[in-house]
Structure formats: C-alpha cells, structure tokens
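Comments concern the structure below.
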Amino acid sequence: MGLWRSGSALPWHGRGHGFKSRQLHHFNNWGEKEKAMKVYDFKHIENKWKKIWENKKVFEAEPSATKPKCYVLEMFPYPSGYLHVGHLKNYTLGDVVARYKRMQGFNVLHPMGFDSFGLPAENAAIEKGIHPKKWTYDSIDYIRNQMKSVGLSYDFRREFATSDPTYYKWTQWLFLYLYNRNLAYQKEALVNFCPRCRTVLANEQVIDGGCWRCYSKVTKKSFRQWFLRITDYAEELLNDLDELKNWPEHVKTMQRNWIGKSYGTLVKFPVEGGGDIEIFTTRLDTIFGATFLVLSPEHPLTMELPATPIIKEEISSFVEKTLMTPEIEREAAEIPKEGVFLGRYAINPFTQEKIPIYVANYVLFEYGTGAIMGVPAHDSRDFDFANKYSLNIREVVVPETPDEFKDELFDGYGVLKDSGSFSGLTSSEAQVKMSEFLKERGLGELQVRYKLRDWLLSRQRYWGAPIPMIYCDKCGVVSVKEDDLPIMLPEEVDFVPKGSLSPLATSPDFLNTSCPVCGGHAQRETDTMDTFMCSSWYYLRFASPFTNKEPFKKEDIDYFLPVDHYIGGVEHAILHLLYSRFIVKALNDGGLLNFREPFLRLFTQGMVLKDGSAMSTSRGNVVMPETISKKYGIDTGRMYILFAAPPEREFEWKEEGVMGIFRFLNRVWRLVSPYKDFSLQNITSVSQNKEDEKIKRLTHKTVKKVTEDIENNFRFNTAIAALMEMVNGLNKSLEKEGVVSPGVLREALESLVLLISPFTPHLAEELWEILKHQKLIVEEKWPSYDETWIKEEMVEIPVQIDGKIRSKLTLIAGTSEEKVKELALREERVNKFLEGRIIKGIVVVPDKIISIHTEI
RNA sequence: GCCGGGGUGGCGGAAUUAGGCAGACGCAGCGGACUUAAAAUCCGCUGAGGGUAAACCUCGUGUGGGUUCGAUUCCCACCCCCGGCACCA
C-alpha cells in the first residue's frame, strides 16, 4: 500500500497540485474530444445503459418463494399526448424507491400502464377529429418511449391499458361480481332534463334555467342509472383509516370529511290532522327551541301537505323554481334563504306546541330525511329564516361559562333551560335522556348518518367499458354471461355526443342482442362505466397480467399485494383512493383477496410549477423531458426534480437549478472517472492517518444519512445535499497536501456511486463499470455503514454564558461533565465574561454544550 | 364557518423526531485564479446592523406572552398564507 504513496503513480497526490494533476491525467486518458466537450458524455452513457438494462431484463419480477417482495407503484397516467417534466416527478419518485428497494434485496414489482378510458382521452380525440382508439394508442406509444428514455425501472411486460379488451373484460367481470353480490343496482336519479330535446343535460349546459340549444325551461327528471353500493362500506372505510399509519394526515382527513359520519336522532313530529314528518337532528338538546319544521323541495310531503289548492299552486311554482336552479348555484352557501308556509302545523313532541311547516330552499333532500326542525336560537341558518318570516325564536341552551356568549347566536353545547324536566342538564346528558324519552313513546331513535352517497357509475359516453347488462322484453334486467365477456366496444360508432342518451345506442349491431335467459329479443345497456371503475382495480392486475382465464391469479396477488408504496397526486385523495379501498373490501368479502386495504403506504407529491402556475399544455408553460435530456442528460433532470424541494411540496422549475445539478454531476464524473486505469479492487480499506479517518467518517456518515433520508418519508432533497457534501469533502481531502490511502478512497468512491445510483442510474452504472465492476449496479447491494465511524472522535463544545455562545472547547468525545466544567472555567474568554458576576448554575450536556448562568 | 398543512436570508430550502452552535446543500450575487478573450472550471465571501476589511459586539426563525440554564423546536393567545370541505341540520 505504501506503493501508492511513494511511487507517485497517483498523480493527484502531487504536492499542492492535486486538482491540476488530476485534470491532466483526465485529459491524457480521454483525448482531445473529451477536452473539447468538458462535460461528461451523458448522451452516450444514457443510451448505453438503457439498452443493457433492457437486454438483461433486470427489472422483470416474478413471485419468489424466498425473497421478500416490495410493490412500488405510481398512479398510472391518462395517455393524453405526452409527459412533461411535471408528470415526470411522480414516476421519478417511484423509480428512486424501486431502485433503492431492489438494492436492499427486495423482489421489487414496479409496473406501469395506462388509464386510457374516459373523458380526457375522448375529448382530446373529438377535438382533433381522430378516433379515440387511435388517438389513445398513439399517445401510449409516445409516452411509453418517454418513460423508457427517462430510465424508469419498469417491468414493461406487465404493461396494459384499461381500454384493452383483455383488461376491460375483467372490469366488466368486476361489475358482474358486484351485481351478483347485490352491490350494483339501478335507481332513479334526478338529473337536468330538457323536455323538448328529450335529453339529459350537464349542469354546464343549463343557462339561466334554460336549455342551451332550444331555450326551453330545463326540469329535474329522474333517470335510471347504475350505482355501486359503496355506502354499505361507509363505516369500515372510515374506521380503517385509523389503520393506515403511513398515509398523509390530510388525505385521511379528506376521506373522513367525505364519508361525513354524524350521530343524531330521528324524530317524528305528528302532523295536525294526521300523519307525521320524520326529521334528523344532531342537536336533540335544542328541541324545546324548535319553533317550525322545514321540508326540502324534493320531499314527497311537500306536494301532499299544502292546506289549500291556492297554497299548493304557490308551493308548486316555488319547488319548480328552486329545482331549476343549477346545482352549482344552489349549493353555494351564500344563496338567500327562501321558503313558503304550507298552511299546516306539526306538534312538537316535547312541548306539544303547534308549529308551522315550511318548504325552503336551504334544506337538502339527500341528507338525513330531507326535513329538519327549525331551531332559530341555536342555528344560524334557521335564525336567518326565522327572521325573514317572523317566526318565534326561543333560547333553550346557555353556555356553561356565561362570558363565552355575548349578543350573537349561540350554537355551541351548554346547559339546557326552559326545557321542562330536562332543564339544567348539559347538552350531552340531555341528548341521552331525550332520546330515551322518544324511544319509549315510539317517536324517535338514535341514528348514525353519512354524507357518503352511492357511486353513480353510468356514463352516457362512448369511450368506456360497456356495462355488461341486457334488457329483455320478457325477463327484464339480465346480466351478461361471464363466458360472453368481454362485451366489445364497437368501433364504427359516431362517438360525438349529440344529446341522445349514449352514443352506443346509435349502433344497432351493438344494441340488439338476444336474452341470455330466454333467447328472445333484447337490448344491451348502452351506458359505459365511469373511468374510475377501471382504475379501481388495476394494481391487482399488474401483479398478474398474463392470465386470460381470470382477473388475476390468487397466488400472484397473495405474493405481491398489497401495494407497499403508492405514489401520486393529491387530486385523487378521495375518488380513486376511496373507490379502490371499497373494491378491495368487496373482493375480500368474496374470498378473492386476503387483505382489506390496497395501499399500505401512500405518498402524495407536490406539483411542478412554471412561471407561478402548474405546468399544462393549455397554459403553454411546459418543459419537456426531451429538452432536458438533450441539454444536460436525463440523470440531471431526475436529480433536479428530487433536489429542488421536499417531494411532497410543489416547486417552481428553474433552469438555473437544473444547471446546478448538472455542475454537480460533472464534479462527480471528474472525481470518480479518472480512476479507470487503476483497479481499486482487492485493496482493503485500512485507515492510516488523519485524512483517511476523515474520509472514512465522511463516507459512513453519508451512507447513514442517505439511507435514513430515503427511508424516512422520501427526504431526497437532503439526501442529495449530503451527497454534495461528500463530494465537496472528498475533493478537499484529495487536493490537500498529504495522502489518502487507496483502500479508503476506493471505499469512498464506491459508496458514493452506489448512493447516487437510484437518483442518477445511468451515470452510476458507467462509473461502476469504470471502477472495474462486472456486475450491474442495479444488481448490487446497497452499502451499509459502521456506527463506530459515525461517532466523531473530537467534538466542539460551545460554552454558553447566560444564553450566549462565548467560547468553544475542542475535546475528545465522551469527556466527563466535571472535566468539561473544569476546562471551560479555565478559559480566558470565559473568565472575561464571568468577571464581576456570580455563577448561579452550570449545566453540561455531554458532547453537546455547556451552559453557565450567572447573576451580578 | 369547519378540517388539514404551513410562516426561517435576495430565492428554493436545512436544523423541528427527544429543546442544545439557526441558515446545511443549492441557486442568484460579489471578489479572485486560469485564459489573448469569452465560456467552462476552480478558490473565497455572501442574514441584518455596528465596528477599520481584523478581533469583537448587538439584533434576528409571523406577532405577543409563558416554561427553561437554554426555545425555530414545548405551552397559551393572536395574525397571515396555502389546500380541502362547505346551507350535511
């Protein structure tokens, strides 16, 4: 080993000219061409290693009896044209994790595909006058190439698109599975309808209450639509969120709010003259203050109860007017409250008082029972309404601590007053006692309600999976036989929506069929499925995409699922993630899966902005990966995306930042690549001097830091910062007069290359080869670190006097408290600040700090 | 209104896990080396104020208070920003 030092075979050890010599060496080895380029040949390197990876099939995964699995998945894209660097962030994050886990010894499943059915693809096709199928598959070809050129480590054998018949066959199967388990059903749903065009309209197509084409007044009309019974799982979908420890809190909160569980009471108010009205309330304790009832416009009793034909007339026009208001407007909170008195009265079961019944625009039909009790003293909406129509306002709850409440309306919990025998109870006590009172008399009971509604699945659009159902004149609604799947989406169809129900209804070949039960004439369902149905199970198919006999092989699923790392945008926090959870639970109930949550760990990444807003084609602020590849190489692009900000946060794309990473990668290249002629193998790492120890410490500390940063919530930005520090430190040591033992240097350089490999895989492979390794770096083991090298030998301990750092002691780590005290008090500077003061106390935190506090 | 997240240099961001040297790393900026020159590369400086450019001192993590020898970190109150939900009874 002395040979290295004395023989000056290593030019970078020359006195004081370390860097210069290295450069010379570098040029001698690389010749004129390299000198002119002055940057590493990323183009050559990146193409070379992509080919090698592909030829060696290194990213293909199969179930294994011995190896532990890790399923890394990024949310698959809609194939609409191309990917820009904003999209790339998602895939790069996943790729780093997949590559890291692979080096950690996991059998990594890392697949990718395309969510190709649905409106985005269809609209784009309509705009460009190309068939959705051609447009979609052209996009897929383009995007697949982009993904490959980014060096994403996918098992491309497993790729599929949800619009492939071999895939949607099983989406249709899934529908039938749900139908057979009574989780799919048809029901009437209120939609906008133009009576003259005889068609449903989207909210956007209703302008000032009229049809956008014929200006007729639009009404609400019921249509039969397919729904999935997700509400059956409301309670479990809510409770299991608590088990998802590795999901971001905000996503779980959003799902909780969406499910919207509330505890309340169902109360029957007898109607004077017969019958009763059921209302739902979460504030039974305020019922003595209920001075009116309100029905929603859609409530059946609204048209039944009016006292006189004249009132009925008035109610009718009110209801019509209200329902005509587009949903968007009606749901806006600021709409003024309006209502009409029905001329009828109900009896408050607690006070036996006669209270008026109203219909009003602020009561929702879909929630609770579609009817409420009006308690104006304790609800701001009821308060507004009561003021407008001069209704009684009676206060029945007061705050426990009176100063909490001044003049405003009190809607909190407190103590009851003027509430008969319940007066004096707290709100929560009263709710229990009052619900018992109701139950004894058969007038009500405790109830749990959810905001979650069943999933409306039907779409009157062309580019989707046809719903595999048949309408027989004799047998009614009949499901397609499983053997007849897939029900192919016909290609020769005018797919542009023309206001008729569904484009598929215009294709007689598709529409007309025979009944699977009686063989008689029948018609197919012409609606297609919501695209979210396609994406609700794709992660299962990825684990088992090769079978055509079943949606997936159970043994594949049992091995690879659930997904260990799921990475995607927060825009899917509710829809896709909730639907997927529901589907998995439904499949588990049928014994097809052995788990009830699909995604163990979820990571939601922040967007990439350009010029202050999200990258998008319409804004024209996109940066293409191709541009970055050409100018700096895709490794630079990948690392920039990871370094610019913590991955969960959004960041502004800046060319200067990209250049910073490019400079860094070139520094890495210049640091490592000169060692190509010196086989560093078989030289063990033995530290011989101070500089060696420094480098060993730096190496092991960096390995630890990078490993922990990746493990600990994907802190790639600080991991890369640590790598930069390592490179800076190595350069400094090599430049200095003195020596670095080859074994120590070898360990450092190899660790560095291994550590950067998940971020910049192409560059890492090249450097690994230069360092004379036969194996691909993707097949290498992740480096480990030795704690004994992490601990510093010498520590710098600040001396704090009255909260201010006044001096520093450099000591051997582990110096005793007493010794630290003694040494600190011997310091001249310390004594200067202690002059004329009395020491009140000294606190020593070993190896960290010494703090002295004084008084005069 | 409710729920969640956040507020640190010119900028992106470190340090917040168990309280212990605030500003790691990078960008931008300034100065220098090399070069005929430019680019590239390398070296140095870069929170604010004072001080001779050194030593050194003071202030400083949204605001105000508290706990502590010590607070960006913990507690209380408030302000502001971002995201989600929103007439859900």
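Labels below follow one simple rule: chain letters A, B, ... track the order of the sequence lines, proteins then strands, and each chain is numbered from 1. This structure is a prediction, so every number in the text was calculated from the model and none was measured.
Of the C1' atoms belonging to B:rG83 and B:rC75, the separation is 27 Å, rounded to the nearest Å. Comparing B:rG26 with B:rA33, their P atoms are spaced 23 Å from each other, to the whole Å. Taking the P atoms as reference points, B:rC59 lies 37 Å from B:rG4, given to the whole Å. For the P atoms, the distance from B:rG66 to B:rC87 is 44 Å, rounded to whole Å. The gap from the P atom of B:rC30 to that of B:rC81 amounts to 35 Å, rounded to the nearest Å. With P as the reference atom, B:rG60 and B:rG65 are 12 Å apart, rounded to whole Å. Across B:rG1 and B:rG10, the matching C1' atoms stand 38 Å from one another, rounded to whole Å. Across B:rU67 and B:rA89, the matching P atoms stand 42 Å from one another, rounded to whole Å.
Secondary structure note: stems in RNA chain B built from 3 or more consecutive Watson-Crick or G-U wobble pairs under 3.5 Å occupy B:1-7 with B:79-85, B:10-12 with B:25-27, B:29-33 with B:41-45, B:47-50 with B:56-59, B:62-66 with B:74-78.
Using a 4.0 Å cutoff on non-hydrogen atoms, the parts of residues 283-292 of chain A near RNA chain B are A:Arg283, ordered by number.
Under 3.5 Å, the side chain of A:Lys654 and the base of B:rC11 form no donor-acceptor pair of N or O atoms.
Using a 4.0 Å cut-off between charged side-chain N and carboxylate O, A:Glu249 and A:Arg256 make a salt bridge. Using a cut-off of 4.0 Å between Lys/Arg side-chain N and Asp/Glu carboxylate O, A:Glu655 and A:Lys631 are scored as salt-bridged.
Remark: the A:Arg581 side chain and the A:Gln255 side chain contain an N/O donor-acceptor pair separated by less than 3.5 Å. In the model, A:Thr231 has a side-chain atom that pairs as donor or acceptor with a side-chain atom of A:Asp454 under 3.5 Å.
Across all strands, A:Lys804 comes closer than 4.0 Å only to sugar-phosphate atoms, never to a base (heavy-atom distances). Counting any heavy atom pair closer than 4.0 Å across all strands shown, A:Phe383 reaches no nucleic acid atom.
With the nearest nucleotide of RNA chain B identified for both A:Trp258 and A:Arg829, A:Arg829 has the one nearer the 5' end.
Nearest nucleotide to the A:Glu249 side chain, out of B:rC85, B:rC87, B:rG4: B:rG4.
Between A:Tyr362 and B:rA89 there is no side-chain polar atom (N or O) within less than 4.0 angstrom of OP1 or OP2.
Heavy atoms only, all atoms of each residue included: A:Gly370 and A:Val363 are closest at O-CG1, 3.7 Å. Here the closest non-hydrogen pair linking A:Lys337 and A:Phe385 is CB-CD1, 4.2 Å.
Between A:Phe714 and A:Phe716, the two ring planes are parallel [angle under 30°; tilted spans 30° to 60°].
Between the side chain of A:Thr281 and the backbone N or O of A:Arg283 there is at least one donor-acceptor pair closer than 3.5 Å. Judged purely by atom type and a 3.5 angstrom limit, A:His378 has no side-chain atom pairing as donor or acceptor with the backbone of A:Gly412. Although no hydrogens or angles enter the test, the distance criterion places a donor-acceptor pair under 3.5 Å between the side chain of A:Asn621 and the main chain of A:Ser616.
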- Message: For a quick check, with a 4.0 angstrom heavy-atom cut-off, what is the B/S/- contact string for nucleotides 13-26 of chain B, read 5' to 3'?
- Response: SSS----BB--BBS

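A side-chain hydrogen bond (donor to acceptor under 3.5 Å, both in side chains) with A:Ser807 holds for exactly one of A:Arg829, A:Glu827, A:Gln800; it is A:Glu827. With A:Phe662 as the partner, the ring pair (Phe, Tyr, Trp, His ring centres under 6.0 Å) test is satisfied by one option alone out of A:Tyr632, A:Phe643, A:Trp669: A:Tyr632.
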